> 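Before anything else, here's the structure in question.
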Amino acid sequence: MLGKIKYSLKRNQNVKSNYIVLIGVLSIFLLVGGFSFALFTSTVESRGALNIVTGNLYALLESRELDNTNSLVLDSGETKLMTVSLKNVNVINAKFNLWYQASDGVSVSFDEENDIPPEKEGAVFSVDEVKTYKLKVTNNTGENQTVTFGSNPGLANKPLSFPTGKKAIEGIIPKAVLDDNMIKVVYDEAKSSWVKADNANWYDYDLGRWANAVTVSSATRSNYMSAPVGSTIAMTDIETMWVWIPRYSYTIGSEDGTNYYGKQGSYLTTAPTQALPGEIDVKFISKEEKDTGTPQYKVSEGVSGWRTPDAFTFGSDELSGIWVGKFETSSSDPSAANGGGNVTTLDSMIKPNVTSWRGIQVANIEN
């Protein structure tokens, strides 16, 4: 509940212009865990009215996966996808971040890019605004773990502090960034062909549906660019095919602390071996993050180090992801000797079921 007190400063016509007004404000705090505030706002009235609003700021945090203490229990090795919503239930705009509290070895990441960043500073919510966030929660320890979520509030125009002892959401799956001539596609099983994708159903990395894109010949490009979602893209028109690898960090578990062949899990229920390795832990991160630790840990002791592959660092630039060709590079004349040979007159292509380009010198590759 917010108390609102309005004081009118009445002008005394017999006094020229100077007066001093003392105002006392008693704040009544009825909301536990909120942020107290007092706002002074002036209104345009002939007698110079002054509004003073006092109370607490807090966000309404809701998720059907959480109990009444905003907590979630994960089994050993379990990963859970969940949705959390935050609502600004105050009478003014406010700023909120999102945090979690858990033992080491438990990771929480944004499952998609959001306007609450992982760097703790939060985002501004207008009055009654609701924002929904997809989260990925992983228990990398050998025991059941409890994860508790919360939000830290603050004034919209002030820096937002982060609560001591809490953890910021670790990262996001960076969005696939298309070049101007790339077309996002998905494979249509019914049509047995690649079709133009929409944003909503283009990819979902937690479901194993990767972001794919193609480039087409210059003669057909404008038609495909303006074609509706679901349009078939003929393989004869495709020149290159790509898959997006979002920026990630990895760590490799060991069941015995000696042989780092991954860990047992959903895909391997026996002890991992060199011939039959187990699972590798991966977390997606923003380009502002870079892990440089030793990516090995003993499973029974929990995760102790992550590493970001050097492929996501290009000179002095940190990349949010990279496009990788889906197949070996071929040439625009794959029927030629060596699939193209040592020439500079052909274009590169990346397509399935064609001869790869071989027998070309490095200097000519660059040209």
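Values in this document were obtained by computation on a predicted structure and should not be read as measured data.
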> Do the side chain of Asn144 and the main chain of Ser76 share a donor and acceptor less than 3.5 angstrom apart?
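Looks like yes, one N/O pair under 3.5 Å.
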> Listed by chain and number, what are the side chain to side chain contact (heavy atoms under 4.5 Å, CB included) partners of Ser304, not counting sequence neighbours?
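Here the qualifying residues are Tyr297.
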> Listing request: all salt bridge (charged side-chain N to carboxylate O under 4.0 Å, His left out) pairs with a residue in residues 349-367, at least two apart in sequence or in separate chains.
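Sorted pair list comes back empty.
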> Is Ser254 reaching over with its side chain to a backbone N or O of Asn259, donor-acceptor style, under 3.5 angstrom?
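Between the backbone of Asn259 and the side chain of Ser254 there is a qualifying donor-acceptor contact (under 3.5 Å).
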> Run the salt bridge (charged side-chain N to carboxylate O under 4.0 Å, His left out) test against Asp104 and tell me which residues pass, sequence neighbours left out.
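Checked Asp104 against salt bridge (charged side-chain N to carboxylate O under 4.0 Å, His left out); matches are Lys167.
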> Who are the salt bridge (charged side-chain N to carboxylate O under 4.0 Å, His left out) partners of Lys80, not counting sequence neighbours?
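Partners of Lys80 by the salt bridge (charged side-chain N to carboxylate O under 4.0 Å, His left out) criterion, ordered by chain and then number, come out as Glu78.
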> Can you name the ring-ring contact (aromatic ring centres under 6.0 Å, His included) partners of Phe312, sequence neighbours left out?
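Expected list: Tyr248.
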> Would you confirm whether Asn338, through its side chain, and Ala336, through its main-chain N or O, come within 3.5 Å as a donor-acceptor pair?
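Answer holds: no.
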> Mind checking salt bridge (charged side-chain N to carboxylate O under 4.0 Å, His left out) for Lys263 and listing every partner two or more places apart, or none if nothing turns up?
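Counting only residues at least two positions away or on another chain, Lys263 forms a salt bridge (charged side-chain N to carboxylate O under 4.0 Å, His left out) with Asp281.
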> Mind listing the closest non-hydrogen atom pair of Glu65 and Leu81 along with its distance?
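The answer is OE2-O, 4.1 Å.
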> Has the side chain of Thr141 got a donor or acceptor atom that lies under 3.5 Å from a matching backbone atom of Gly302?
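No, because the side chain of Thr141 does not come within donor-acceptor range (under 3.5 Å) of the backbone of Gly302.
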> For the backbone of Ser71 and the side chain of Asp67, can you confirm whether one donor and one acceptor N or O come within less than 3.5 Å of each other?
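Present.
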> Determine the interplanar angle of the Phe96 and Phe125 rings, folded into 0 to 90°, and report it as parallel if under 30°, tilted if 30 to 60°, perpendicular if over 60°.
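Because their plane-to-plane angle is over 60°, the rings of Phe96 and Phe125 count as perpendicular.
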> So does Lys191 have more than 12 non-hydrogen atoms from other groups sitting under 6.0 Å from NZ?
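Above 12, so yes.
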> With no hydrogens and no angle check, is any side-chain donor or acceptor of Thr251 less than 3.5 Å from a backbone partner on Gly305?
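Yes.
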> Tell me whether the count of non-hydrogen atoms from other residues, nucleotides or ligands lying under 6.0 Å of CG in Asn157 goes above 12.
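For Asn157, atom CG is crowded (more than 12 foreign heavy atoms under 6.0 Å).
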> Looking at Arg247 and Glu289, is any side-chain nitrogen of the basic one under 4.0 Å from a carboxylate oxygen of the acidic one?
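Result for this pair is no, no salt bridge flagged.
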> Test of understanding: with ring-ring contact (aromatic ring centres under 6.0 Å, His included), list the residues that count as partners of Tyr261, not counting sequence neighbours.
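With neighbours one apart ignored, the set is empty.
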> When Asn140 is tested against each of Val303, Leu74, Val299 for side-chain contact (heavy atoms from CB on, under 4.5 Å), which residue passes?
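Only one option passes, and that is Val303.
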> Suppose we screen for ring-ring contact (aromatic ring centres under 6.0 Å, His included). Which residues come up paired with Tyr260, at least two apart in sequence or across chains?
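So Tyr260 forms no ring-ring contact (aromatic ring centres under 6.0 Å, His included) with any residue.
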> Is it true that the side chains of Gln145 and Ser103 contain a donor and an acceptor less than 3.5 Å apart?
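Their side chains do contain a donor-acceptor pair, which is all the 3.5 Å distance test asks for.
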> Do Asp347 and Ser332 pair up side chain to side chain, a donor and an acceptor below 3.5 Å, judged on atom types alone?
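No.
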> For the backbone of Thr344 and the side chain of Asn364, can you confirm whether one donor and one acceptor N or O come within less than 3.5 Å of each other?
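Here the side-chain-to-backbone pair does not exist.
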> Applying salt bridge (charged side-chain N to carboxylate O under 4.0 Å, His left out), which residue pairs with at least one partner in residues 323-337 are found, sequence neighbours left out?
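Of all non-adjacent pairs touching residues 323-337, none passes salt bridge (charged side-chain N to carboxylate O under 4.0 Å, His left out).
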> If you apply the rule salt bridge (Lys or Arg N to Asp or Glu O under 4.0 Å), what do you find for Lys287 with Asp317, and how did you get there?
CA-CA 9 Å; Lys287 66 180 181 180; Asp317 295 330; over 6 Å; no
> By the side chain to side chain donor-acceptor pair (under 3.5 Å) test, which pairs, at least two apart or in different chains, include something from residues 221-232?
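For residues 221-232: Tyr224-Asp237.
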> Are Glu129 and Lys87 close enough for a salt bridge, meaning some N to O gap below 4.0 Å?
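No, Glu129 and Lys87 are not salt-bridged.
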> Apart from Leu268 itself, what residues make up its hydrophobic cluster when side-chain heavy atoms of I, L, V, M, F, W and Y under 4.5 Å apart count as a link, directly or indirectly?
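Besides Leu268, the cluster holds Leu276.
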> If the condition is ring-ring contact (aromatic ring centres under 6.0 Å, His included), which residues does Trp323 pass it with, not counting sequence neighbours?
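If we apply the ring-ring contact (aromatic ring centres under 6.0 Å, His included) test to Trp323, skipping adjacent residues, the hits are Trp244.
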> For the residue pair Asn88 / Asn90, report whether a side-chain donor-acceptor contact shorter than 3.5 Å exists.
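Yes, a side-chain donor-acceptor pair sits under 3.5 Å.
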> So, for Trp194 and Tyr187, is the gap between ring centers shorter than 6.0 Å?
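For Trp194 and Tyr187, the ring centres are under 6.0 Å apart.
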> Do Ser330 and Ser356 have side-chain atoms, one donor and one acceptor, less than 3.5 Å apart?
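Their side chains do not contain a donor-acceptor pair, so the 3.5 Å distance test is not met.
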